[in-house]
Engineer: 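Dropping the structure in here first, questions after.
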Amino acid sequence: MKVILRCSAALLICTTLAQPSWAQFKNDEEAVKYRQGVFTAMKVHFGRIGAMVQGKQAFDAGLAQQDAEVVRMLSALPWIGFAESTDGLSSHAKPEIWMEAKKFQQHAQALQEKAAALESAAQSRDLATIKAAFGAVGKSCKTCHDAFRQ
Ligand code: ASC
């Protein structure tokens, strides 16, 4: 019985994950809104760390940790919004996202790794360490934007 339950649970998870990503949204416009909303929130929290490492805001290690945690969590999210069916809708997304999907996925992966490293850096509570990790995330944003954002 236990085995059957486990198998059905596994099957349910597999079929859910196997849905095309657009199936998670009401329509393509919602997918675009979702990914843009995530990036907007990411920008706010990343920007707050930026203000601290650039000396525009007093360094608060606790806030930096909170913001870095949020950035790390958000970094996993936008990608399901990049359904190919959204190509052509008004947004900053270049068609290369789908023409060079593998490269785009590598950038997505890189951002998540750098964001996780920023979160670890924030836990050190050392501003110079955070600054270096912040720079690495920013570079990750920029290289992806240069290739895939218009
Ligand atoms: C930000 C932001 C970006 C990135 C990028 C880094 O704060 O909004 O898009 O950093 O400018 O180069």
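Remember, it's 1-based here, ligands and their atoms both numbered in the order they're listed.
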Engineer: Pairs of nitrogen or oxygen atoms closer than 3.5 Å, one from G138 and one from ligand 1: do any exist?
Structural biologist: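 So ligand 1 has an N or O lying under 3.5 Å from an N or O of G138.
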Engineer: Quick check: are there more than 12 heavy atoms from other residues, nucleotides or ligands sitting under 6.0 Å from CD of Q57?
Structural biologist: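 Count not over threshold, so no.
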Engineer: Quick one: which of W79, F104, W98, F82 gives a ring-ring contact (aromatic ring centres under 6.0 Å, His included) with F148?
Structural biologist: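 Between F148 and the candidates, ring-ring contact (aromatic ring centres under 6.0 Å, His included) is satisfied uniquely by F104.
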Engineer: Do you know which two heavy atoms are closest between A133 and A117, and how far apart they sit?
Structural biologist: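 In terms of heavy atoms, the two residues are closest at CB-O, 4.1 Å.
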Engineer: Which of the numbered atoms in ligand 1 are below 4.0 angstrom from a heavy atom of C141?
Structural biologist: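 With C141 as reference, the close atoms of ligand 1 come out as 4 (C), 5 (C), 6 (C).
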Engineer: Closer than 4.0 Å and a protein heavy atom, does any atom meet both conditions relative to atom 10 (O) of ligand 1?
Structural biologist: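 Within 4.0 Å of atom 10 (O) of ligand 1, protein heavy atoms are found.
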Engineer: Starting from atom 1 (C) of ligand 1, what is the nearest protein heavy atom, named by residue and atom, and what distance separates them?
Structural biologist: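 Result for atom 1 (C) of ligand 1: F46 CD2, 3.9 Å.
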Engineer: Of all the heavy-atom pairs spanning L74 and V38, show the shortest one and how long it is.
Structural biologist: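 For L74 and V38, the tightest heavy-atom pair comes out as O-CG1, 3.6 Å.
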Engineer: Is the closest heavy atom of H145 to ligand 1 under 4.0 Å?
Structural biologist: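 Yes, H145 has a heavy atom closer than 4.0 Å to ligand 1.
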Engineer: Going by the order shown, which atoms of ligand 1 are within less than 4.0 Å of some heavy atom of K142?
Structural biologist: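 So the answer, numbered in order with elements, is 12 (O).
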Engineer: How far is atom 2 (C) of ligand 1 from the closest protein heavy atom, and which atom is that?
Structural biologist: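 Answer, as residue, atom name and distance: K43 NZ, 4.1 Å.
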Engineer: Provide the closest heavy-atom pair for A64 versus F59 in the form atom of the first, atom of the second, distance.
Structural biologist: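 The pair with the smallest heavy-atom distance is CB-CE1, 4.1 Å.
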Engineer: Indicate the atoms forming the closest heavy-atom contact of G81 with T86, along with that distance.
Structural biologist: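 Looking at all heavy atoms of both residues, the closest pair is O-CG2, 3.9 Å.
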